[in-house]
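Data block below; observations after.
Chain letters run A, B, ... following the sequence lines, proteins first, then strands; residues in each count from 1.
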Amino acid sequence: MPKCGKYRMEKQRHFEAPISSKDIAIFPAQATCTVIFEPLEAQVHISYQLHRVSNDSTLPHVSSYKHQFSNIYFTRLTMLRKAVEQRAEKRWKNVAGKPTYVRRVLDVVKSQLCWIVGTVYIDMPLKPNVLQDIGRDHSIAPPPPPVKFNSDKDVVMLEDESGRITLVGEKVKVACLVTGVIVAVLGVETLNGEFEAIDVSIAGLAPFCENGGEVEDVMNTEEPDSLPPQIDEYIGIVSGLQIGSPSPIDAQIQMLVEFLVGEAGGPEDRKIAAQVSCLVIAGNSLAIPISKETDKDDKKDRRFKKASSHATFSPHPAAMLAAHLLDLSSVLPVHILPGPDDPAGAILPQQPFPRAMFGKASSSETFYCETNPVWLNIECENTKHLPPSKRTSTSRSKSSSLHLKRNILITSGQPVLDMYKYLSSPPSTCLSIAMSTLMWQHIAPTAPDTLWCHPFRDRDPFVLHQTPDIYVVGNAPEFATALVRSGDEDAKKEQRCRVVLVPSFAETGLLVLVNLRTLNVRCVGFGLEGTSAMKKELDSEKE
Amino acid sequence: MEVDRAVKRRKVTTAGSSSSQPSQSQSQSQSQPQSQSQSQSFADVLERLKVNEGAGMNSAEGGADCWARPALPPVDESRDALVFQQIDVEPSTDFGTGAVMLRMFGVTEAGHSVLAYVTDFLPYFYIAVPRGFQNDDKEDFRNHINTSLGGSFVVNIESVQRRNLWGYRGDDWVAFLKLTICDPKTLPKVRDKYISQGECHFQSLFPIGQAVSTFESNIPYALRFMIDTKVVGMNWIEIPAGKYKIMPDKEKHSQCQVELRVRYDHFISHAPEGKWSKVAPLRILSFDIECAGRKGIFPEPQMDPVIQIANMVTRQGDSQPFIRNIFTLNSCSHIVGSQVLSFKDEGAMLQAWRDFIEEADPDVVIGYNISNFDFPYLLDRAKHLKAAKFPYLGRIKSMFSQLLALFVKDTHFSSKAYGQRDSKETVLDGRLQLDILQFMQREHKLRSYTLNSVCAQFLGEQKEDVHHSVITELQNGTPESRRRLAVYCLKDAYLPQRLLDKLMCFVNYIEMSRVTGVPFNFLLSRGQSIKVLSQLFRKANEEGYVVPALLKGEGTDEQYEGATVIEPKKGYYDSPIATLDFSSLYPSIMMAHNLCYTTLLDKTTIDRLQLVKDVDYIQTPNNDFFATTSRRKGLLPTVLEDLISARKRAKADLKKETDPFKCAVLDGRQLALKISANSVYGFTGATIGKLPCLAISSSVTSYGRQMIEKTKQEVEAEYCVANGHDHNAEVIYGDTDSVMVKFGPAELTKVMALGIEAADLVTARFVKPIKLEFEKVYFPYLLISKKRYAGLYWTKPEKYDKMDSKGIETVRRDNCRLVSTVIETCLHKMLIDRDVKGAEDYTKRVISDLLQNKVDMSQLVITKALSKAEYSGKQAHVELAGRMKQRDAGSAPALGDRVAYVIVKGMKGAAAYEKSEDPLYVLENNIPIDTKYYLDNQLSKPLMRIFEPILGEKASSLLSGGHTRSIQIATPTVGGLMKFAVKTVTCLGCKTPLRANNSVKNGAVCNNCRPKTAELYQRHVGTASEMQVRFSRLWTQCQRCQGSLHQDVLCSSKDCPIFYMRKKAQKDVEDADAVLERFDLDAW
């Protein structure tokens, strides 16, 4: 029976995968719409298991800042060199002129075709410069930080332990590189000592997690007819709740919570809600506390004193967040990541919120404080039987079980937003950058140059050893998604990675749902046009 | 071995081979945007230099194939005139005959080097003809001197008609004896031993035991020659065809391409004007060496090897060096844009470098502190290594050059204008030297003279500073680490060249030597007076005067009254203050009143010649007498008139000139002329100088005083309400040559009009060429005391030009940076923002920050050079160096290092020198800073000075108000009581010590503060975030500055504003993180 949902659906963009009509109906953007769901009679119970794949992101217990950032670059180059080399070798083995691989950047011989591997460094005059900031006349207000760092004066260089060489050529420009990426470059050193690049090769996708994807039960293949209804399990992602911001969106958040708890909307909504097996809050849950002092001098004062001792603080936003989290975690697992504006450290990886901060929610077993970025390994298994109407005799005894294992990588968006400043757009978008990071096998190459990060000594937590099944970037300027497929023809089956950019909830009211089985994406919008009006609707819905 | 594996595959042209490499066929020139971004590393700059050279033109890396000068086309001495710019003139002897002669080094317009031996010029001096001396006595007298001195020293005695420069004694010519001496070295012998000490017994004509005055006997031989032949420093010399003789190659004693002999009167010396004002393509070598020192000891040539020598050779007028190379000990990875020459043996490297110098044949050698460090070190090191051939760095080769071989001598330089300095001088025959450090110390008053801070100041760049202990580690590492060092070394070699270009040092000095007529090398090694002396001699000899040589020791410490100061009416003036200046006051006084040696009169002469006061002579306010121009035109006024009119011409030419290089030359000239004109007065007043005449200098200042007073009277009398003006003008301050007038109106335009009017009015009341000029308006104006003021400087009513401050602590080195920051900001707020209240608030906030330990450490660091081991008094930095040595001899500052220190809290009553401490040690151990010291001894005086005129009595409230009550003192981790102290964790909310009964174990807060936990957490997380960002930004900045991501930052530049900041950030961020962790463990 068709049912009219009162929630606005947002049109999805950037889909590459065919979208099952069951999954989502497409409507023109901005239209308030009715979603038609075919009622599912099957009652599937999913148990939810969580494994953190690798906890690279947590800091050592005693965090040390004794080391310098050079260690990260060194480790990164060591870790990624092999992958880059292999792919480049394959790519260029048939190039005329038999290019040789020169292991050290400085050993390049003039006018000889060769390829080299190293870390990209882009010198940009517009990058914020702390020396200038310090030297600046204190009585003049600092200029606003630049939106983009790139300019005509940028110089792209390739560096390894031995030294640097300047890269020139059209290929370098179109390669959309940022500082910190490990690449291989094919070219010739010119008389001027520059390296004229003919082609640039990057690491390519890392292998997918071996146990990822769907693990189907043997029974299902034997009896295709008796397939259990497709399990549609979703992971829900929001970001940028910004509780405590000057223009509150408490109503929408309330709607979101009620939707997820299953208290709002019709049966269909509830059904969807029931299929959301976990919620990820990807950063910026709290708004930056607004200082009430608008006096110009006091701002300066803050700069001098570093930490303002009289920053106004209201405990309410945190308490409100805690209340929502308590509600949510009582019905589904909730993962919360700190984001750029959250009261958490500023450098990546951001450490989890102290659990205790969230009061009662902290005692909930399904409430997880995560680092940013974080790897989650979610495993779903339906343990209960199909509803009687669809039961068949054969499947009954076997009680069809279906495993879903998904590797999910989530960041609160800082790396992508930082890289966005390096590249001119168009052509680059946040989505294209996010996809590039997968291909570079590194999610935050601009750390530590312009993206603040911990000075790790012997690891680089942002290197992708494996490609996640789902890659979530929070706090994006707008919603966007794409599928990245592994290009290996010889692979037994095509593997895909779903990239999702989740915009701020406070600005768009969007909850993003990713189908764990199909990797399709759907958005649920919560009233954008006039909060009060929507609230009324919501009230009527409740009746 | 690591070294072998890493030997470069790239072909390296070895020293000496000048064959050009085959140019590569594939040329892909890619034009590249030129950016001079700060963060760019020097290796990149090197690469770009390469780019700009133009592909194909120069195929060898670092200019390896163009060391030698352009080949010399054949010269026909009977047909070709030879024209060259001479760069140095020095005495020499003929290698064959031993006769005295002069060497004149030069470069032709095509860049060929020339050495001209100038023959037959002999030194001489004059004495007055003794009473009773007959004309035929000359030969007897000559023999008499020669026999009594035992040698034929006096070549000729001649009787000439001259006038004594000193004093007006009528217009008659007087007979003098001109004694020509065979050799400049024996001239003093003849002069001192014989004549001036009164030991001459010749026919009893000379009074026994009484000094005989000599004339012109104390001028250097080379200068004597230059004066007589009208050669001025760095001018062009033309030797007509047939007048010179080229030495065949086998007789050549130098490496110059042309070597010739010419009689001293057979060449033409072109005055440096018009087309002769050009500069030849001189080769300028800028170099730097690195030594591998041992831990904690400043490198010593007996022990520590020279490991790298970086060289940049630039042609004068070019924008980039055309030779860039580095000599390294042990292998070194390739550096794009620079030639790397690696050596296994240090002696071989030094030898190769010497060969490089010979081939590249620089005319000018520059560097940073080369005179006192690099050259002496190289020579001592070569001596130690027994590299006997090394010291021939000059242009004179051959075994004879050993006599004149390069040697180092200690010089002691003392000048009123520049202060006293000990320095070493290395003689490089035929090459000019310009140590940029010495130039800086002379021409610019700076906080610090390290290369780093000089570059920060003038080039706007921070320079990586590698401590010498790290240098050794890099040297002992891999070819990569040595490459890193090499890049650093190359940068240090390139920076002096860039400073030279940026500050126009070379061009300005060329013009200075041309204007004053002294050899270039005199400019840095001698004081001001030689320049005036040279000009005076030239003018005097033209007019038939002889200059008396005053006997040494005549200098007195007699002081005369200096310039006047109208007592300042202190205060903050919020209305425009016009400034009226006498343009070149002292020169114009001398010209106006004809003050000169030659016009100086005494009472007896006045009586003898029956001169009439105010017609024939004048009496100065200082009661000295000078003849007027109607009797005799003074020499100094003539010199000054020439200088000033020449400056006017140069300025006029400058306006017309479009070629930037010629503009630079002209600008350098007008500057040199101005300085020269102003130094004439100082010359007459320099009591230990060559020719002091206090009658002149005191008269000048007394006139000056009179004029300032008169100006004040005139202005105040004219511009008053009684004369129909709206306001009574008031002179609020006057000093030396300027008067500050408060005319009254609040509008800038009105005041400017009044200023112009008043200047003309007053000018009319004075003797020409004295001129009072209206120059600028200060508005607002803060007058603190004599010679201390600040104001906004307006020359046009639309927009102020700048903020001008005089005598206010901003550059003094024994102040910490905080003082200048605070003072500058306060002035800025007061004068530009016109916000006195804001300045007060700002000051209070800084003081409060200081007392609460929130000021960044780099703001508090004071630095001083540890120049000698034993100081008579105890000094903070010396004491500290001693203590650091006890702690860790390795990192302690060595002699010659600059010691940075902060003042920390000490025992009660401890002297300041006991409380100095190493900033890094302070950071590591949380040692409390003696904030009170900074407040009382550093900040309070300058602050009071600027605030008192505004706030009056209230000013002291800045230092003792409520904002000073809140104090935070760090808890040290070492020393004293801390040994016995037990550390207790306190509540982050209320500071209550946390115990088992009032808190959670390892928690953050006490039970009472628990409700506030979230708030406290938020605050601490904010702090931590800021620290983290600070940490990241500072360290990544240093990474960018050093130009490498994969290598650790080594820089330890104490002058860099972020050096201590980044150390502190490291510690702060760890502390902040530790605090945050406590929240994890607490129950909320």
key: From A:R164 atom CZ to B:I335 atom CD1, the distance as rounded to the nearest 0.5 Å   = 14.0 Å

ask   = After noting the C-alpha distance and the side-chain angles of A:F353 and B:Y1017, does the key distance pass the ring-ring contact (aromatic ring centres under 6.0 Å, His included) rule?
value = CA-CA 10 Å; A:F353 288 116; B:Y1017 173 74; 7.6 Å; no

key: A:F74 atom CZ: more than 12 heavy-atom contacts under 6.0 Å   = no

query = Given a strict heavy-atom distance threshold of 4.5 Å, which part of A:L286 is in contact with chain B: side chain, backbone, both, or neither?
reply = neither

query = Partners of B:K1063 by side chain to side chain donor-acceptor pair (under 3.5 Å), sequence neighbours excluded?
reply = none

key: Distance, nearest 0.5 Å, that separates CD of A:Q350 from CD of B:Q1028   = 8.5 Å

B:T478 OG1 to A:E161 CD distance, which is reported to the nearest 0.5 Å = 10.0 Å

inquiry  = Check this for me: does any side-chain nitrogen of one of B:R1040 and A:D123 sit under 4.0 Å from a carboxylate oxygen of the other?
reply    = no

query = Looking only at side chains, do B:S1044 and A:E159 share a donor and an acceptor under 3.5 Å apart?
reply = yes

key: Qualifying residue for side chain to side chain contact (heavy atoms under 4.5 Å, CB included) with A:Y65, from B:K1067, B:M1027, B:E1070   = B:E1070

Portion of A:D160 that has a non-hydrogen atom of chain B nearer than 4.5 angstrom = backbone

message = Pair B:T1036, A:D449 - check side-chain hydrogen bond (donor to acceptor under 3.5 Å, both in side chains), show working.
response = CA-CA 6 Å; B:T1036 48; A:D449 193 35; 5.0 Å; no

query = If you round to the nearest 0.5 Å, how far is OG of B:S333 from CG of A:D107?
reply = 7.5 Å

message = Can you tell me how far apart CD (B:Q1066) and NZ (A:K66) are? Round to the nearest 0.5 Å.
response = 6.0 Å

